[in-house]
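Structure first, commentary second.
These numbers were taken from a predicted model, which means no experiment stands behind them. As the structure lists them, so they are numbered: ligands from 1, and atoms in each ligand from 1.
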Amino acid sequence: MTATSWLDLPADHPFGIHHLPYGIFSTATDPGRRVGVRIGDLVLDASRASISAGYAAGGVWSAPSLNPFLGQGSIAWAAGRAWLTEVLSDPAYRSVIERHLLPLDAVTLHLPIEVGDYVDYYASAHHASNVGKIFRPDSPALPVNWKHLPIGYHGRSGTVVVSGTDFHRPSGQRKGPQDPAPVFGPSVRLDIEAELGYVVGGATTMGERVSVDEAGEHVFGVVILNDWSARDIQAWEYVPLGPYLGKSFCTSISAWVTPMVALEAARIDLPREEGDPEVLPYLRGTGTGAQGSGGTAYGLDVHLQVSVNGTVVTRPDYRDMYWSPAQMLAHMTVNGASIRDGDLFGSGTISGPDKGQRGSFLELAWGGAEPFELADGSPRTYLQDGDEVVMTAWAPGPDGSRIGLGEVSGRVLPTR
Ligand code: MN
């Protein structure tokens, strides 16, 4: 039987009973940070509600981040979600639970996790080949390793911020191909990257691997992630060790973490074509074909939208991503690297085959050669000071419902 809430939400509400994302909140009168669960346009104070209803396992929700809950592992995650679904569905709980529901505009949302290690991948073939054509026009569009392993790099966890956090334009070194020498100054090619971010729990010890089949016990949930990128700093510094200061100044994530189980109806096969290589056995799971798609290595039918100062500039589809989150986690740990509660990994920029699906300004304006226009007529190749970027996303839920991921926003402030 399908659960319905006594809150009587429209069946297509993006934060209905099938969603129940977790966040961290406080209020003006009660400033202690604690776990909240969004339903409709309300936030359930999960900590206080669990005390009132006598759910002892909810003690973990009084923490100022999701990390202790993440540390309990997937059995506790399922139990917590089952309890939340029950108390928000069964009218018998209404009198106990209803007073712990707060209007969304009465709460302040905070960074939901204490970010452990942060990795960013590169899983869109369309993005990777667009970047290849722009940055390396004389080389093959896709690197030779690209279809054999999910390419990634370690980022800076301390500058991951919650939606709504503004940041200053970074300064750094840059040198164009024609410049005689590098110069220092504010980035003149500040960009976005529309991505999903995966939140990890159930810590492991060094030497242990997490297989594709086991990844579901460790990937807790998903956020929208904006990997702000300074292309001029990146282009000059990235050979041979990869992205560094061009990306480490700020990474924004949404305040609501959507549990992976809420996206079961959005699971799809990964895109594979005739001629794609077989992947090594550690990148296959049960029910996975030679090319590494199927079974536990699934993709997601998530639709994103990116707006700049209110103008929608692109609509990337996550369904085009080549590597599954399960494969990314298996790859990350195959050398024995441990995972920590609160680890975060980004999918890489999401770009589709069409121009209107490109997930970065670099691609939308093709390296600066093809400016695009906002609704007020002003042209853009890269971000200007004062620009506000908002990313939203939705996915199909069960029984024709919709799951709307929490949005991620941020504004560019002038260089300090
Ligand atoms: Mn990225």
With the Mn ion (ligand 1) as the apex, the OD2/OE2 angle for Asp120 and Glu195 - to 10°
100°
Crowding at CZ, Arg156 (>12 non-hydrogen neighbours, <6.0 Å)
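Open.
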Would the number of heavy atoms belonging to other residues, nucleotides or ligands and lying under 6.0 Å from CZ of Arg267 be above 12?
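Yes, because the 6.0 Å sphere around CZ of Arg267 holds more than 12 heavy atoms from other groups.
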On the ring face of Trp61, is Arg33 found with NZ or CZ under 6.0 Å from the centre and within 45° of the axis?
no
Tell me which N, O or S atom of Asp227 sits nearest to the Mn ion (ligand 1).
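The atom in question is OD2.
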Output the atom name for the N/O/S atom of Glu193 with the smallest distance to the Mn ion (ligand 1).
OE1
Ion pair check, Asp387 and Arg411, cut-off under 4.0 Å:
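Between Arg411 and Asp387 there is no salt bridge, as every charged N stays at least 4.0 Å from the carboxylate O atoms.
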